[in-house]
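Structure first, commentary second.
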Amino acid sequence: MPTIIKGQPTSAEIRDHLKAEGRPVLVAFSGGKDAIATELALQDAGIETVLAHLYYIPGRTPGRTLDFVEQGLTDLEKALGKPIHRYPHPSFYRWLNNFVFQPPERCEVIEAARLPIPDYATMWTFIREDLGLAPDTWIADGVRASDSIVRRASFTRHGIMKPKDRKVSAVADWLKGEVLDRIAAANINLPVDYELFGRSFDGIDLRFLKPISERFPDDFARILDWFPLADLELFRANMETNR
């Protein structure tokens, strides 16, 4: 039974509303289970969607990301029958501009480069423009109330549909079981991220770096191209283990 969110319509009613508008919906597509379920739910409602993925680490091919993430996205493109457009995540710029895992000799270069520091609103405005979508196109995400008390409270306070920033959580009242059941019904396999981390890749801390270094050494080397001191996370973990 779906979660009841006080003072809010059901996600089915939300999807009916989006369908009635008769316009495409832009899906913030991380490649994780909730994003996949969001896309499937919107498809079920007969809503035209466009998928956009924000990648954390640029790959060796322009406009692409780490190989293991790319493989997951490519598999999902085949399963969902549509392209997944790739764009750099704002966190990538934030990490560089804050000198995360950077040696001293790189800091001056990064500072001189004056890299942009886009926020999410700016990034989605750019994505809409790049994809030829109207400025007020809804952006659907897979945020769900059952994930945490904080998220449930946010929905109660701010709503499932947020007209000001044009964000909508299309499966807000779904439980984890509903998400997994819908994905299974579509015969879609979750990306390897779930085998490695139990979630989709979204950071450069030890939780992600250690499994990547062990399973995908080429991707780990690519992370070190951008963040050379990231391997200190592994060094510190080894030191603590060997105390």
Side-chain angles (χ1 to χ4, degrees), residues 25-36 38-39 49-77 80 82-102 106 110 113-131 133 137-143 147 151 162 165-170 190-194 196-209 211-213 216 218-230 233:
V25 171
L26 181 58
V27 178
F29 195 82
S30 66
K33 69 181 190 310
D34 296 327
I36 298 170
T38 295
E39 165 62 13
T49 58
V50 181
L51 310 184
H53 173 81
L54 301 181
Y55 57 80
Y56 289 89
I57 308 291
R60 300 182 189 281
T61 303
R64 292 294 183 265
T65 183
L66 301 176
D67 290 343
F68 83 90
V69 179
E70 277 297 321
Q71 185 60 59
L73 293 175
T74 299
D75 290 344
L76 287 170
E77 285 178 321
L80 296 170
K82 63 179 59 179
I84 301 170
H85 305 276
R86 278 83 150 166
Y87 299 93
H89 198 287
S91 290
F92 171 68
Y93 298 101
R94 186 178 71 251
W95 292 338
L96 287 178
N97 285 318
N98 289 324
F99 310 127
V100 174
F101 293 135
Q102 298 300 325
R106 280 198 177 189
I110 292 171
R114 296 180 179 274
L115 295 170
I117 311 178
D119 57 22
Y120 283 99
T122 301
M123 199 69 209
W124 287 110
T125 295
F126 165 76
I127 291 171
R128 288 186 185 98
E129 292 175 354
D130 187 62
L131 296 175
L133 298 172
T137 297
W138 287 100
I139 301 169
D141 60 40
V143 176
D147 277 349
R151 287 187 171 181
K162 304 174 181 65
D165 56 15
R166 305 300 288 175
K167 288 187 177 180
V168 57
S169 298
L190 292 176
V192 72
D193 306 44
Y194 283 83
L196 295 178
F197 327 119
R199 56 180 296 170
S200 55
F201 170 67
D202 67 354
I204 50 174
D205 56 73
L206 184 64
R207 296 172 300 161
F208 302 103
L209 294 175
I212 293 172
S213 69
F216 300 108
D218 289 344
D219 283 331
F220 183 67
R222 183 58 177 169
I223 293 173
L224 295 183
D225 286 343
W226 287 103
F227 304 98
L229 301 184
E233 284 280 276

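Since the model is a prediction, treat every value here as computed from it, not as a measurement. Here, residue 1 is the first one in the sequence, and each next residue gets the next number.
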*Okay, side chain of T65, backbone of I57: is any donor-acceptor separation there less than 3.5 Å?*
yes
*Can you name the residues that form a salt bridge (Lys or Arg N to Asp or Glu O under 4.0 Å) with R199, not counting sequence neighbours?*
D202
*Which atoms form the tightest heavy-atom contact between G31 and P191, and what is the distance?*
O-CG, 3.3 Å
_Under the rule for side chain to side chain contact (heavy atoms under 4.5 Å, CB included), what residues qualify as partners of D75, not counting sequence neighbours?_
Q71
_Give me the atom names and distance for the closest heavy-atom approach of P58 to W226._
O-NE1, 3.6 Å
*asked:* To the closest 0.5 Å, what do you measure between CD1 (I223) and OG (S213)?
replied: 9.0 Å
*What class does the angle between the rings of F68 and F216 fall in, given that below 30° is parallel, 30 to 60° is tilted and above 60° is perpendicular?*
parallel
*Angle class for the Y56/H89 ring planes (parallel below 30°, perpendicular above 60°, tilted otherwise)?*
parallel
*asked:* With heavy-atom distances below 4.5 Å as the criterion, would you say the side chains of T49 and L51 are in contact?
replied: yes
*With sequence neighbours excluded, residues passing side chain to side chain contact (heavy atoms under 4.5 Å, CB included) with L224*: F220, A230, D231
*Before giving the answer on side-chain contact (heavy atoms from CB on, under 4.5 Å), spell out for I36 and L190 the whole-Å C-alpha distance, their side-chain angles and the decisive distance to 0.1 Å.*
CA-CA 9 Å; I36 298 170; L190 292 176; 4.0 Å; yes
_Test of understanding: with side chain to side chain donor-acceptor pair (under 3.5 Å), list the residues that count as partners of D218, not counting sequence neighbours._
none
*Determine whether the side chains of Y87 and D130 contain a donor N or O and an acceptor N or O closer than 3.5 Å.*
yes
*Is there a side-chain contact between P211 and F197, using heavy atoms and a 4.5 Å cut-off?*
yes
*Roughly how far apart are K162 NZ and W138 CH2, rounded to 0.5 Å?*
9.0 Å
*Nearest-0.5 Å distance that lies between atom CD1 in I110 and atom CD in Q102*: 4.0 Å
*Can you name the residues that form a side chain to side chain donor-acceptor pair (under 3.5 Å) with R128, not counting sequence neighbours?*
none
*Results of salt bridge (Lys or Arg N to Asp or Glu O under 4.0 Å) for E129 - residues two or more places apart only*: none
*Where is the tightest heavy-atom contact between V143 and D141, given as atom of each residue plus distance?*
N-OD1, 3.1 Å
*If a pair satisfies salt bridge (Lys or Arg N to Asp or Glu O under 4.0 Å) and one of its residues is in residues 49-69, list it, with sequence neighbours excluded.*
R60-D225, R64-E70
*asked:* Between E233 (side chain only) and D205 (backbone N and O only), is there a donor and an acceptor less than 3.5 Å apart?
replied: no
_Please report the interatomic distance CD1(I117) to CG(L96), rounded to the nearest 0.5 Å._
10.5 Å
*Taking the side chain as C-beta and beyond, is there a heavy-atom pair between L54 and I127 under 4.5 Å?*
yes
*Measure the spacing between OG1 of T137 and CG of L131 and express it to the nearest 0.5 Å.*
9.5 Å
_Which residues share a salt bridge (Lys or Arg N to Asp or Glu O under 4.0 Å) with K82, sequence neighbours left out_ = E39
_Please enumerate all residues that pass side chain to side chain donor-acceptor pair (under 3.5 Å) together with S30, with sequence neighbours excluded._
none
*Do L80 and F29 have side chains that get closer than 4.5 Å, going by heavy atoms?*
yes
*Taking all non-hydrogen atoms of both residues, which atom of G142 and which atom of T38 are closest, and how far apart?*
CA-OG1, 3.2 Å
*Taking salt bridge (Lys or Arg N to Asp or Glu O under 4.0 Å) as the test, write out the residues that go with D34, two or more places apart.*
R144
*Please check if the distance between the ring centroids of W95 and F101 is under 6.0 Å.*
no
*Under the side chain to side chain donor-acceptor pair (under 3.5 Å) rule, collect the residues that match up with H53, sequence neighbours excluded.*
none
_Least distance between heavy atoms, R86 atom then G63 atom_ = CB-O, 3.5 Å
*Compare every heavy atom of Y93 with every heavy atom of P116, then report the nearest pair and how far apart it is.*
O-CB, 3.3 Å
_Backbone N/O of V100 and side chain of N98: donor-acceptor pair under 3.5 Å_ = no
*Test ring pair (Phe, Tyr, Trp, His ring centres under 6.0 Å) applied to Y55 - qualifying residues, sequence neighbours left out*: none
_Just verifying a value: how many Å separate L26 CG and I139 CD1, rounded to the nearest 0.5 Å?_
5.5 Å
*Do S200 and D193 have side-chain atoms, one donor and one acceptor, less than 3.5 Å apart?*
no
